[in-house]
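Residue numbering restarts at 1 for every chain, and letters A, B, ... go by the order of the sequence lines.
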2 protein chains.
Amino acid sequence: MPSRRADPLTLEVVELIGDVVARYHVEYEQAAGRHQLTGAQAKVLTMLSLEPTPMPMRKIAQKLRCEPSNITGIVDRLETRGLVERLPDPADRRVKLAAPTEEGLQTADRLRESLDFAREPLGGLSTAERTALRDLLRRMLG
Amino acid sequence: MPSRRADPLTLEVVELIGDVVARYHVEYEQAAGRHQLTGAQAKVLTMLSLEPTPMPMRKIAQKLRCEPSNITGIVDRLETRGLVERLPDPADRRVKLAAPTEEGLQTADRLRESLDFAREPLGGLSTAERTALRDLLRRMLG
DNA sequence: TATTGTTATACTCTATAACTATA
DNA sequence: TATAGTTATAGAGTATAACAATA
């Protein structure tokens, strides 16, 4: 992996992405806080709310790219608040499946709606510009 | 602040931005880790390395949007490693100014160079596309 | 033996409140 | 009194290692 200097244009784009990241982060934490959730708790709850079926603890850790032992505590706190529950896996008694409760699903919905980042900064862009941005981001991540 | 559903295009852009944010974060932490720094330490060191003059502790906190008491510990750790030093402010004896050492500046430089996010994901984009992305991000950030 | 989830431990980050030394 | 930085404290996230139950 060669380490060379990027051109000024690339550097500026990287800096702008850094700004977007910083802003997104602040807004995400604020949105989570409005529901008495930390960022990590909001991430786990959101992920579980988008899954069609309950998810093993280990898989949550893989998706979040962290150690499985961390998920124990995060799910503990979500479970204490009645937003998530642990279910046994009939196929493997070692596994515990985490699933959002009805209240957890509602909280996840409200969380999504309160993410102002969805509207505010994109509000100034036309449909054509948003389409262009979408395509560029897709290619970037592709 | 009205809470309404965003259109599908906006939602997709927001999701893509979320992906970029997640990826940026992982890469930033990894780059920091390669230099035995945490993300917060890397942020402070980078900020100080870009400032023309030493910065009061309080101003660092404002820029990072956190409490001043946090900066004490972060600068403590950077200072222990010889990457940052605290200087007195001749104009106000209450103030302590933080400044990167020579080694701190070198570490900050290497950190920037090792931020793969600068090259890899943007490598697939042409100059015209990078320009378009820059303009869209600029408009997004207002 | 290997794997899943948990526990125990240690470190860092974070906010809050109280303290100190200046202003 | 007000402000800058620190300290003390508590909660949360993180990685590592060791453990019990199960495969």
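- Arg130(B) and Thr10(A) form a side-chain donor-acceptor contact under 3.5 Å, judged by distance and modelled atom types alone.
- When the nucleotides dG13(D), dT4(C), dT22(C) are ranked by their closest atom to the side chain of Val95(A), dT4(C) comes out on top.
- At least one side-chain nitrogen or oxygen of Arg86(A) sits closer than 4.0 Å to the OP1 or OP2 atom of dT6(C).
- Of the candidates dT6(D), dT7(C), dT22(C), the closest approach to any side-chain atom of Thr72(A) belongs to dT7(C).
- Toward the 5' end of DNA chain D, the nearer of the two residues Met55(B) and Ala40(A), judged by each one's closest nucleotide, is Met55(B).
- Between Arg81(A) atom CZ and dG11(D) atom P the separation is 16 Å, expressed in whole Å.
- Distances were taken from every side-chain heavy atom of Asp76(B) (C-beta onward) to each of dT7(D), dT14(C), dC13(C); the shortest belongs to dT7(D).
- Looking at heavy atoms from C-beta onward, Leu97(B) lies in side-chain contact with Val95(B) at the 4.5 angstrom threshold.
- The CD1-P distance, from Ile60(B) to dC13(C), rounds to 13 Å in whole Å.
- One atom, CD1 of Ile71(A), and another, P of dT3(C), lie 20 Å apart when rounded to the nearest Å.
- Contact annotation: Ser69(A) does not reach the phosphate of dA17(D) (side-chain N/O to OP1 or OP2, under 4.0 Å).
- Atoms CG (Asn70(A)) and C1' (dC11(C)) sit 13 Å apart, rounded to a whole Å.
- Annotation: side chain of Asn70(A) is in contact with side chain of Glu67(A) (closest heavy-atom distance under 4.5 Å).
- Distance from the side chain of Met57(B) is smallest to dG5(D) among dG5(D), dT14(C), dT12(C).
- Counting heavy atoms from C-beta on, the side chains of Val44(A) and Leu64(A) come closer than 4.5 Å.
- Annotation: side chain of Val21(A) is not in contact with side chain of Arg23(A) (no heavy-atom distance under 4.5 Å).
- In this structure, CD of Gln41(A) is placed 14 Å from P of dG11(D), rounded to the nearest angstrom.
- The minimum heavy-atom distance linking Gly82(B) with Thr101(B) is given by the pair O-OG1, 2.7 Å.
- Distance CG (Leu64(B)) to P (dC13(C)): 11 Å, rounded to an integer number of Å.
- Backbone-only engagement by Arg93(A) is indicated by non-hydrogen atom pairs under 4.0 Å involving sugar-phosphate atoms exclusively.
- For dT4(C), the OP1/OP2 oxygens have a side-chain nitrogen or oxygen of Arg58(A) closer than 4.0 Å.
- Under 4.0 angstrom from either OP1 or OP2 of dT6(C) there lies at least one side-chain N or O belonging to Lys96(A).
- With rounding to whole Å, Leu87(A) atom CG is found 16 Å from dT4(C) atom C1'.
- Picking from dA23(D), dT6(D), dA4(D) the nucleotide with the shortest atom distance to the side chain of Pro68(B) gives dT6(D).
- Using a 4.0 Å heavy-atom cutoff across all strands shown, Asp92(B) reaches sugar-phosphate atoms only and no base atom.
- Using a 4.0 Å heavy-atom distance criterion, Ile74(A) is classed as a sugar-phosphate-only contact.
- Rounded to whole angstrom, the span from the CG atom of Asp89(B) across to the P atom of dT3(D) amounts to 17 Å.
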